[in-house]
Amino acid sequence: MKLLYSQMSDKEKEKYRAWHPDCAICGHVARSIDHDHETDVVRGALCQRCNSRIGSLECALRLPKGRGFQSLAGDLHRAYAQTGKMNLSRFTDDFPYLGITEGEFIDRLAAVHAQLTRRFIYWTEITSVPLASDAVWHKVGPLTEEQAQQTLSRLQDPANVPPHLQITMTLEPDDGIDSPVPRTLGFGYHTPGALQHRIELRRSQESSVGLSADFEKKCEAYVRDVIPILLSRALTASQIRAADTWLRSVPKNKNELRDAIGNWYSPRWVDLAVRIALEDLGENLPNPKWASFTRARFHWQELCAFWNARHRGTS
């Protein structure tokens, strides 16, 4: 008899975790009950990290109902769109758990990707504040690939600057939705000099109103604890571009990477540092609940400080 997750009481979930103390994939402490989100059937108990990774793989195999693909699922689709390939080496143990082969996963992802038949370009003017959910976007499309490249070239033409623009090209399904904001699968671009323009806007705003104490503390923690994590290993080009879509080229050495990271608190660089810290620390977390990226990200200052303390202790 198949166990349905939605029909389990809290007590039954507690018992299930007691009966399945080890993660079915990696063998670490299981803290989550994994289930198929389409059938509701319970598959097993997983640690929070494996549960998050399995969820990302499944998200890549279906069109998102909301604004866009989940982060890791989007990375897989972007890699497939750009090269027709994906690096799936980190998921080797996950496919048997899901009951599929790597080839079957690729075929299913390709089938989902094939539904992204409409190409649009959105753009919005850059201001001193991070891109907000209420930003006003302009939009053209659907476009052919050639038309999209021509539009990107026009929007990024230095002769048309200012204004400085944040630009997103999207691949979307033909589902009748006329979205006012970028959705499904996005690729980020910007006008030449946009990064420096945003920095100057931010500095101008800060000089007039002053830095808040909270932001100052964030910047201090960013320099002290986040940057050492980012510089502790060789980052891939995809990791760097995901953390900073403004970069015209990938840093060639550690000094260039340090310059790109900067001294101001940057949410996406912090995201990457948190993922690295989680990978490095494994089960040795200051709080076991932080194995979930969402919870770890909320406590990024404590987590990154903990990583640095351990690193200094072993270096």
Side-chain angles (χ1 to χ4, degrees), residues 1-66 69-77 86-109 111-112 271-300 302-307 309-310 314:
M1 181 178 178
K2 294 182 178 180
L3 189 61
L4 301 181
Y5 183 79
S6 63
Q7 296 180 7
M8 296 176 70
S9 65
D10 290 341
K11 188 173 183 179
E12 288 172 328
K13 292 176 183 177
E14 185 177 344
K15 285 184 178 180
Y16 188 91
R17 283 189 288 265
W19 293 335
H20 303 80
D22 301 324
C23 175
I25 296 177
C26 70
H28 288 146
V29 178
R31 304 185 186 280
S32 303
I33 299 176
D34 171 56
H35 64 285
D36 187 316
H37 286 262
E38 293 185 357
T39 65
D40 198 39
V41 174
V42 171
R43 289 183 295 215
L46 301 177
C47 68
Q48 290 179 319
R49 183 176 302 165
C50 288
N51 189 50
S52 176
R53 198 173 59 250
I54 287 294
S56 297
L57 287 176
E58 290 189 305
C59 284
L61 300 182
R62 59 178 181 266
L63 290 175
K65 295 180 180 179
F69 279 108
Q70 180 267 2
S71 177
L72 179 55
D75 289 343
L76 292 173
H77 275 275
M86 298 166 288
N87 183 357
L88 300 174
S89 58
R90 63 181 293 194
F91 307 113
T92 301
D93 296 331
D94 300 332
F95 299 128
Y97 175 80
L98 289 172
I100 59 175
T101 65
E102 180 176 318
E104 289 170 337
F105 176 83
I106 294 173
D107 289 342
R108 289 176 60 181
L109 183 143
V112 172
D271 288 350
L272 178 55
V274 168
R275 293 187 187 281
I276 293 173
L278 287 175
E279 183 176 333
D280 285 352
L281 293 171
E283 293 293 308
N284 300 313
L285 296 172
N287 187 324
K289 293 183 178 179
W290 295 0
S292 160
F293 171 77
T294 301
R295 293 191 180 185
R297 182 61 177 82
F298 184 78
H299 298 280
W300 69 270
E302 297 95 325
L303 178 70
C304 292
F306 182 79
W307 182 96
R310 285 182 62 89
T314 57

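- Side-chain atoms of L4 and V41, non-hydrogen and from C-beta on, do get closer than 4.5 Å to each other.
- Looking at heavy atoms from C-beta onward, S71 lies in side-chain contact with R275 at the 4.5 angstrom threshold.
- Here L278 contributes atom CG and W307 contributes atom CH2; the two are 12.5 Å apart, rounded to the nearest 0.5 Å.
- Taking 4.5 Å as the limit, some side-chain heavy atom of F105 sits within range of a side-chain heavy atom of L76.
- Enclosure of atom CD in E14 is not indicated, since only 12 or fewer non-hydrogen atoms of other residues, nucleotides or ligands lie within 6.0 angstrom.
- The number of heavy atoms from other shown groups lying within 6.0 Å of CZ (R62) is above 12.
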Query raised in the report: Can Y16 and L3 be said to form a side chain to side chain contact (heavy atoms under 4.5 Å, CB included), step by step?
Result: CA-CA 11 Å; Y16 188 91; L3 189 61; 3.9 Å; yes
**Report entry** side chain to side chain contact (heavy atoms under 4.5 Å, CB included) between L285 and H299, intermediate numbers included
**Finding:** CA-CA 12 Å; L285 296 172; H299 298 280; over 6 Å; no
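- To the nearest 0.5 Å, atom CZ of residue F95 and atom CD1 of residue I25 are 11.0 Å apart.
- Two residues are said to be in side-chain contact when any heavy atoms from C-beta on lie closer than 4.5 Å; R297 and W300 meet this criterion.
- Partners of R43 under the side-chain hydrogen bond (donor to acceptor under 3.5 Å, both in side chains) rule, at least two apart in sequence or in another chain, are D34, E58.
- With D40 contributing its side chain and S6 its backbone, the two residues share a donor-acceptor pair below 3.5 Å.
- Contact of the M8 side chain with the I33 side chain is registered, since non-hydrogen atoms from C-beta on lie closer than 4.5 Å.
- Counting all heavy atoms, side chain and backbone alike, A30 lies closest to A45 at CB-CB, 3.7 Å.
- Rounded to the nearest 0.5 Å, atoms SG (C59) and CD1 (I54) are 11.5 Å apart.
- With contacts defined as side-chain heavy-atom distances shorter than 4.5 Å, the pair Y97/L57 does not qualify.
- Under the 4.5 Å side-chain criterion, counting only non-hydrogen atoms from C-beta, L109 is in contact with M86.
- In this structure, R31 CZ and C50 SG are separated by 12.5 Å, a value rounded to the nearest 0.5 Å.
- Of the possible donor and acceptor atoms, none in the side chain of S52 sits under 3.5 Å from a partner among the backbone N and O of R49.
- Atoms NZ and OG, on K15 and S9 in that order, are 8.0 Å from each other to the nearest 0.5 Å.
- Between D271 and F293, the closest side-chain pair of non-hydrogen atoms falls below 4.5 Å.
- For the salt bridge (Lys or Arg N to Asp or Glu O under 4.0 Å) test, no residue two or more places apart in sequence or in another chain qualifies with D107.
- For R53, the salt bridge (Lys or Arg N to Asp or Glu O under 4.0 Å) test picks out D94, with sequence neighbours left out.
- Using a 3.5 Å distance cut-off with no hydrogens or angles, the side chains of Q48 and S292 do not pair a donor with an acceptor.
- Nearest heavy atoms, L303 versus A296: CD2-CB, 3.9 Å.
- Note that CZ of R295 is 8.5 Å distant from CG of N287, once rounded to the nearest 0.5 Å.
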Requested in this report: For the pair V112 and H77, evaluate side chain to side chain contact (heavy atoms under 4.5 Å, CB included) and give the outcome as yes or no after the intermediate values.
Outcome: CA-CA 9 Å; V112 172; H77 275 275; 4.0 Å; yes
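- The aromatic rings of H37 and H35 sit tilted, their planes meeting at an angle between 30° and 60°.
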